[in-house]
Amino acid sequence: MAMPRRRLLVLALLAATSVHAADKPRPWMDTSLSPDKRADLVQAELTQDEKFRLIRSDFGDNEKGKPKKPAGALGSAGYTPAIERLGIPAMQETDAGLGVRSPGLTGKGATALPAGLAVAATFDPAIAYAGGAMIGSQARRKGFNGILAGGVNLVRDPRNGRNFEYAGEDPILAGTMVGNAVKGIQSQHILSTVKHYAINALETGRNTLSADIDETALRESDLLAFELAIDIGQPGSVMCSYNRINTVYACEHPWLLNTVLKQDWGYKGYVMSDWGGVHSSAAAANAGLDQESAGNVFDDQVYFDVPLRKDLADGKVPQARIDDMVHRILRSMFASGIIDHPVRAAPIDFNADAVVARKAAEAGSVLLRNENNLLPLSATVKSVAVIGGHADKGVITGGGSSSVEPPEGNAVPGLQPTEWPGPVRYQPSAPLAAINAQTGGKAKYADGTDIAAAARLAADSEVAVVFVQQWTAESFDPATMALDGNQDALVAAVAKANPKTIVVIQNDGPVKMPWLSNVGAVLDVWYAGARGGEAIGNLLFGKVGPSGRLPVTWPKDESQLPRPTIVGGGFPSGKPADKVDYNIEGADIGYRWFQKKNLTPLFPFGYGLTYTSFDYSGFKVHQANGDVVADVTVKNTGKRAGIDVPQLYVTLPDGTPRRLAGWQRVSLQPGQSRTVQIKANPHALARYKDGWKIAAGSYGFELGHSATSFEGDARLSLPAANVGNGAR
Ligand code: BGC
């Protein structure tokens with residue numbers, strides 16, 4: 001039955017104005033209004049002091065030697081107070097993309113996802129989304145409404161100490177995976193960032209060095225990853241990075257922030273600085289920085305308070321810019337849902353959430369070598385030597401702001417460094433226990449410090465599983481790709497004692513493997529997260545088939561890299577270079593660099609073995625509804641169920657190195673086949689010149705098992721076309 005118009009109007013007004021006792025109406029609480037309109041309505045009520053309070057956060061934690069945290073702050077990286085009279089909540093921001101770092105309302109401990117590289121190696125956006133949703137829900141239950149997640153810097157160097165937080169070397173893979181992780185976080189009505197914008201590709205000298213690169217090359221590589229992640233994930237905020245780009249600091253870079261992000265991509269959220277990333281007031285504000293993060297602790301001074309007020313009075317910054325900063329922050333608060341769905345303390349089911357982490361670790365571990373089908377091991381194996389890596393206690397995690405304290409506490413406390421960027425943390429998920437669970441207690445452990453003893457145990461056992469590891473962290477880069485300590489010697493000795501040696505690598509990225517040809521199998525589990533031990537057990541014994549594919553090229557050694565040396569690399573860092581020349585490879589990162597230089601890596605991008613085999617047939621490429629689509633029939637020709645990841649690569653008419661255009665993850669029972677469609681991301685077909693443009697011409701498509709192994713090719717002529725920004 002139709003309602004009279006006047007009654008409808010009254011009802012609408014009632015809904016629009018949530019009236020609080022003794023409070024004025026709050027028309028911005030009308031959820032039918034757009035986030036922009038709601039932000040405008042709040043903004044009209046704000047005093048200048050309230051505006052200036054919104055455009056800076058404080059450090060929200062108590063740490064030795066730092067000012068006491070503000071009253072109201074939960075104890076995390078960033079805090080802006082509530083504007084209670086208007087019902088605008090405090091922002092409580094916690095790190096980060098692999099799990100919730102700060103204790104919050106429920107106390108210590110959160111569920112750690114495996115490394116970002118592991119999640120990227122799944123090539124499965126749904127796994128990235130599920131991980132994001134899990135940490136978003138834990139953040140909410142702990143009382144945090146902002147997560148500083150979404151690390152999407154491309155891997156330009158296997159030694160970058162923060163590679164484990166990111167999603168690999170390919171812009172389309174990284175942007176897709178991180179965009180979906182952010183979407184998962186924000187599905188819980190939590191405001192997420194993407195970071196670190198941009199080309200924060202090394203930790204050594206990150207606060208000072210200039211990343212020098214041609215603007216077009218940057219748009220076609222690192223910025224493309226951000227562009228896609230932003231388009232898919234719609235993060236409330238973008239965190240500008242520490243480094244300079246072509247000499248100008250990222251957080252005061254008008255081209256990066258105003259031109260590319262806000263103008264070309266139409267980004268409507270706000271730019272927050274990295275902690276200690278601000279060096280000016282007017283310059284940063286005019287360049288597009290909207291909020292200074294924790295400047296009270298990390299910057300030389302709080303630029304976005306007294307100095308910016310003075311700039312305003314002196315006419316160096318217009319009031320309209322201050323209002324735009326405020327508008328963007330409020331808009332994101334409404335758009336993400338943190339105002340309509342206030343966070344509240346609630347219990348967390350850590351066991352249920354850990355399943356999300358285990359599944360990601362299982363899907364993201366990469367089987368690099370498997371001679372004579374040594375893996376999977378049989379549950380009836382008579383004896384297993386488990387060696388090294390504290391495998392009797394747990395699995396290692398990377399250090400720095402992304403490190404997550406397990407609810408049960410650190411499984412191996414006291415390792416150096418115990419202070420920032422430590423502590424070195426282990427998730428209490430012991431591979432030894434998992435292997436014993438699979439074999440009914442047939443495993444024995446040697447810690448590997450006594451190489452001869454470990455070799456004796458290996459010789460006396462049917463198979464040996466050696467755990468090697470590389471601990472890296474935010475704030476430094478290892479100087480070399482070598483495993484540290486005596487790990488290479490340990491593997492060599494164990495492999496000599498028992499040819500049935502399996503190496504499990506826990507790492508930030510590719511490492512040198514001088515012993516590779518002497519071992520039977522190698523499984524890369526990255527940092528394996530809250531249930532890493534169980535995941536490793538399931539993979540070694542074939543409860544789950546490995547299905548990860550390398551999201552990075554695995555060089556033989558540093559001589560194959562665009563820059564064989566990191567000036568000042570190592571822990572602690574030495575004196576860094578003033579600038580790093582990224583024009584050496586430009587947009588040709590990783591597998592594209594290897595193709596351009598005709599180099600053969602140890603393992604290519606996209607590579608990964610499993611316990612069955614697949615056949616491709618019927619590969620063809622065509623256009624459908626404006627998209628380029630490849631069809632391929634994938635058949636499981638082996639005896640076990642398995643997952644394959646057929647990959648579509650494209651070579652443009654200009655002959656530049658091939659690019660990953662798309663992929664599919666296909667799960668098949670033995671003998672089963674399925675025809676799948678792989679859609680080419682239009683950005684893979686385009687070059688950037690005053691916008692993304694597909695040139696008219698003939699395009700070469702290849703169906704890849706990896707970036708260097710192909711089965712099928714096809715050509716397609718495409719007309720000239722413009723590609724919109726983002727993932728359309
Ligand atoms: C890191 C950011 C992090 C921030 C807050 C910085 O050191 O680079 O990734 O979100 O600290 O902890």
Side-chain angles (χ1 to χ4, degrees), residues 56-64 66 69 73-80 91-104 110 113 115-116 135 139 142 144-153 160-167 178 181-182 185 190-209 211 226 229 235-244 249-251 270-279 289 291-299 397-405 419-423 472-477 508 573:
R56 64 186 170 88
S57 64
D58 289 327
F59 187 53
D61 210 349
N62 284 325
E63 270 182 26
K64 229 176 22 202
K66 296 189 173 154
K69 77 176 171 71
L74 271 183
S76 66
Y79 170 75
T80 49
M91 276 299 309
Q92 310 266 8
E93 300 163 345
T94 181
D95 286 301
L98 310 182
V100 179
R101 174 173 172 80
S102 306
L113 289 170
I135 62 175
K142 284 172 167 286
F144 297 110
N145 53 11
I147 299 191
L148 307 168
V152 71
N153 296 94
N160 172 16
R162 281 186 104 167
N163 283 339
F164 72 92
E165 293 187 51
Y166 303 142
V178 173
V182 166
I185 291 172
I190 299 291
L191 194 159
S192 181
T193 66
V194 291
K195 67 186 188 182
H196 309 86
Y197 189 67
I199 197 160
N200 185 174
L202 286 176
E203 288 299 287
T204 312
R206 65 178 179 171
N207 293 295
T208 51
L209 75 72
F226 276 96
S237 183
V238 171
M239 188 193 293
C240 52
S241 57
Y242 287 127
N243 53 290
R244 294 177 292 144
Y249 277 111
C251 292
Y270 66 103
V271 177
M272 68 163 73
S273 63
D274 200 345
W275 275 231
V278 185
H279 303 269
L289 178 66
Q291 190 182 63
E292 180 181 12
S293 305
N296 64 326
V297 166
F298 293 93
D299 292 326
T397 57
S401 63
S402 71
S403 173
V404 178
E405 164 118 54
E419 303 277 323
W420 177 264
T472 67
E474 176 180 345
S475 82
F476 77 93
D477 309 305
D508 172 61
S573 304

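Just so you know, ligand 1 is whichever comes first in the structure, and atom 1 is the first atom listed for that ligand. Along the sequence shown, residues carry numbers from 1.
Within the 3.5 Å criterion, the main-chain N or O of S241 finds no donor-acceptor partner in the side chain of N200. Side-chain atoms of R244 come within 3.5 Å of backbone atoms of T208 as a donor-acceptor pair (strictly under, hydrogens ignored).
Note on ring orientation: taking the six-membered ring where Trp is involved, the planes of F59 and F298 are perpendicular (angle over 60°, cut-offs 30° and 60°).
Residues V100 and F144 have side chains in contact (heavy-atom distance under 4.5 Å, counting atoms from C-beta outward).
Residue-ligand proximity, R206 to ligand 1, at heavy-atom distances under 4.0 Å covers atoms 7 (O), 8 (O). Each of the atoms 5 (C), 12 (O) of ligand 1 lies under 4.0 Å from some heavy atom of A77. Counting the atoms of ligand 1 from 1 in the order shown, those under 4.0 Å from a heavy atom of M239 are 10 (O).
Contact detail for G236 and L191: the closest heavy-atom pair is CA-CD2, 3.8 Å.
Counting only heavy atoms of the protein, atom 11 (O) of ligand 1 lies nearest to D274 OD1, 3.6 Å. For atom 7 (O) of ligand 1, the closest heavy atom belonging to the protein is E474 OE2, 2.5 Å.
A salt bridge links R206 with E474: at least one charged nitrogen is closer than 4.0 Å to a carboxylate oxygen. At a threshold of 4.0 Å, the pair K195-D95 counts as salt-bridged, since one of the basic side-chain nitrogens sits closer than that to a carboxylate oxygen.
Residue K195 has at least one nitrogen or oxygen atom sitting less than 3.5 Å from a nitrogen or oxygen atom of ligand 1, judged on distance alone.
Residue contacts with ligand 1: E165 is excluded, as none of its non-hydrogen atoms falls under 4.0 Å. Distances from ligand 1 to the non-hydrogen atoms of R162 include at least one value under 4.0 Å. Using a non-hydrogen distance threshold of 4.0 Å, Y242 registers as a contact of ligand 1. Judged by the shortest distance from any of its heavy atoms, H196 lies inside the 4.0 Å radius around the atoms of ligand 1.
When the heavy atoms of D61, D95, N200 are ranked by distance to atom 12 (O) of ligand 1, first place goes to D95.
Checking H196, E165, R162 one by one against N153, the side-chain hydrogen bond (donor to acceptor under 3.5 Å, both in side chains) holds for a single residue, H196.
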